[in-house]
**Student:** 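Encoded as structure tokens, here's the structure I'll be asking about.
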2 protein chains.
Amino acid sequence: MTETSPAAEAGTGAAADHAYRLVREQILSGQRVGGEWLREGDLADHLGVSRTPVREALRRLTAEGLVRYERNRGVQVQAWNASDLDEIFSLRSVLEPWGCRLAATSGLADLTTLDALAHEMDACVAGRSPDLDRLTELNNRFHRLVLEGSGNSRLPGLIASVVQVPLVWRTFSRYPPEALARSLAHHHELVAALTAGDADWAESVMCSHVRAAWSSIREGVQATS
Amino acid sequence: MTETSPAAEAGTGAAADHAYRLVREQILSGQRVGGEWLREGDLADHLGVSRTPVREALRRLTAEGLVRYERNRGVQVQAWNASDLDEIFSLRSVLEPWGCRLAATSGLADLTTLDALAHEMDACVAGRSPDLDRLTELNNRFHRLVLEGSGNSRLPGLIASVVQVPLVWRTFSRYPPEALARSLAHHHELVAALTAGDADWAESVMCSHVRAAWSSIREGVQATS
DNA sequence: GTCTCAGAAGTTGCATACAATTAACTTCCG
DNA sequence: CGGAAGTTAATTGTATGCAACTTCTGAGAC
């Protein structure tokens, strides 16, 4: 993210951007429960801006599927369930391995940064208090970077549009330790496969990676529901 | 289309919806050239509404990737080229066969309607003056219906979001007659494969279908550029 | 002739006011 | 007591006005 480096000029503009980021963060952090109504007036007051930029933010969130919009009634936070998770991981298990395959032979993958990210993620869980938020952030960057190496400029955004599900954000907290270790190992193996330019290997590792995550999360959801 | 708008739920008010549909149609029909700036004031005057709903429509088109937005500068019609087509068909050739495979065994596919659509498309090109616009419309519905049978509710929208490229709208006009006939035959074969519940067959036919279309369009684009 | 820098024009971003629609409540009738 | 219609409150949709930003133009200096 951090597209249009935001806080550059705090003085003007970016009211809509500000509103967008705040509401998005509230939804992804679970602060806003699924089904909750988001009133334009309340958000505007709380942000100290008018309804106009708030409406813009809500429309953007609607397009991204984080909220549900009903004409003349407003927007409410999208509610997710286990079948949504299945749909998403089902899609990922097709698209990500495919993108990874392309990245293996395109020569576009930023292997240096990928390797660095893999090591940073190791460090995140090395200490006694693992920084899971940072791990999530790094993991997202890792996956996006792989997909950007596919040479298909639409692929990263396409996957990002379905991965933005609240549960996924808190994903690593549900991982059992051995699953976490396996996931981190996958990242390193992925870098190795990409470095070797072995498309089959790369595709295979990513497929394992996604399906392992799917399994871990499914169990985590079942356990808490 | 003009039925109780399916976009009504995901859409906006009446004026905003009107503006959205108009500008979208203008872009997809090629009336608005790629790179052309779309001024809020002009569109508002032309539509007889204020800038507010126009802005909303433009934001929606931005989210769909049909226009490009620059802060404090406005929006301009997205410009497409051959590599965009390659990216799109590359994605389709992965996702659509996969969705088709799922539809073959899910039992959710509306085989009756699919068969009817396939025959309607035949009728479109049977006469001396083929109705290519109607053919395009029916073809879109056919593909969407197949994907809706996959059981993955996100898949149809995901593919729709990348297929919305102007060139694709005028696609059949570039088809040589034999390619057109082959495409229509694919539809019938697809229905047969889905009816048989043969996942491999269905996936394979859809793969052929997409790649044949890719080839036809690539040649058509090369010939005209 | 070219570069720089005011100044003006045009466009977008936001705030406010009003209209339209929806939901809730009260009241009246059976 | 139950139900229905009218009315009121709350919320969204649209219009308008103003401020901020960008771009273009043109005069002046080198």
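Just so it is clear: chains get the letters A, B, ... in the order the sequence lines come, proteins before strands, and each one is counted from 1. Note that the coordinates shown come from a computational prediction; the quantities given were computed from them, not determined experimentally.
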**Student:** Can you tell me if A:T52 touches the phosphate of C:dC14, counting only side-chain N or O atoms and a distance under 4.0 Å to OP1 or OP2?
**Tutor:** no

**Student:** Using a strict cut-off of less than 4.0 Å between a Lys/Arg side-chain nitrogen and an Asp/Glu carboxylate oxygen, indicate whether A:R55 and B:E56 qualify as a salt bridge.
**Tutor:** yes

**Student:** Let me know the distance between OH of A:Y20 and P of C:dG13, rounded to the nearest Å.
**Tutor:** 17 Å

**Student:** Round to the nearest Å and state the distance from B:E56 atom CD to C:dC14 atom C1'.
**Tutor:**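 In whole Å, C:dC14 C1' lies 15 Å from B:E56 CD.
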
**Student:** Out of curiosity, A:H143 NE2 to A:L190 CG, how far, rounded to the nearest 0.5 Å?
**Tutor:**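 Taking NE2 in A:H143 and CG in A:L190, the distance rounds to 7.5 Å.
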
**Student:** Which listed nucleotide (D:dC21, D:dA15, C:dT21) is nearest to the side chain of B:N72?
**Tutor:**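 Nucleotide nearest to B:N72's side chain: D:dC21.
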
**Student:** Is there a side-chain polar atom (N or O) of B:R55 under 4.0 Å from OP1 or OP2 of C:dG13?
**Tutor:** yes

**Student:** What's the CZ-C1' distance between A:R71 and D:dT11, to the nearest Å?
**Tutor:** 15 Å

**Student:** Flag the pair A:R24 and A:D17 as a salt bridge only when some basic side-chain nitrogen lies within less than 4.0 angstrom of an acidic carboxylate oxygen.
**Tutor:** no

**Student:** Starting at atom CH2 of B:W37, determine the distance to atom C1' of D:dC24, rounded to an integer number of angstrom.
**Tutor:**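 It works out to 15 Å between those atoms.
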
**Student:** Considering every strand and a 4.0 Å limit on heavy-atom distances, what is the contact class for B:L58: base, sugar-phosphate, or nothing?
**Tutor:**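 No contact.
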
**Student:** Could you check how far CG of A:D17 sits from C1' of C:dT12, rounded to whole Å?
**Tutor:** 15 Å

**Student:** Once you round it to whole Å, what is the distance between C1' of D:dG13 and NE2 of B:H18?
**Tutor:**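 About 16 Å, once rounded to whole Å.
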
**Student:** Separation of B:Q76 atom CD from C:dT12 atom P, in whole Å?
**Tutor:** 12 Å

**Student:** Please determine whether a side-chain nitrogen or oxygen atom of A:Y69 lies at a distance below 4.0 Å from atom OP1 or OP2 of D:dT11.
**Tutor:**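 The answer is no; no side-chain N or O of A:Y69 sits under 4.0 Å from OP1 or OP2.
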
**Student:** Does B:R51 make a side-chain donor-acceptor contact with the base of C:dG13, cut-off 3.5 Å?
**Tutor:**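 Under the 3.5 Å cut-off, the side chain and the base do form a donor-acceptor pair.
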
**Student:** Measure across A:L38 and A:L43 and return the closest heavy-atom pair with its distance rounded to 0.1 Å.
**Tutor:** CB-CD1, 4.1 Å

**Student:** Can you check whether A:R39 has a side-chain N or O nearer than 4.0 Å to OP1 or OP2 of D:dT11?
**Tutor:**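 Yes, because at least one side-chain N or O of A:R39 sits under 4.0 Å from OP1 or OP2 of D:dT11.
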
**Student:** Any idea which of D:dT14, C:dG13, C:dA23 is nearest the B:R59 side chain?
**Tutor:**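 Closest of the options to the side chain of B:R59: C:dG13.
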
**Student:** Could you state the atom-to-atom distance from CZ of B:R73 to C1' of D:dT23 in whole Å?
**Tutor:**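 Rounded to whole Å, this separation is 9 Å.
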
**Student:** Measuring from the side chain of A:A15 (C-beta onward, heavy atoms only), which nucleotide among C:dC14, D:dT12, D:dT14 has the closest atom?
**Tutor:**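 Closest nucleotide among those given: C:dC14.
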
**Student:** If the threshold is 4.0 Å, N to carboxylate O, is there a salt bridge linking B:E25 and B:R21?
**Tutor:**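 No salt bridge links B:E25 with B:R21.
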
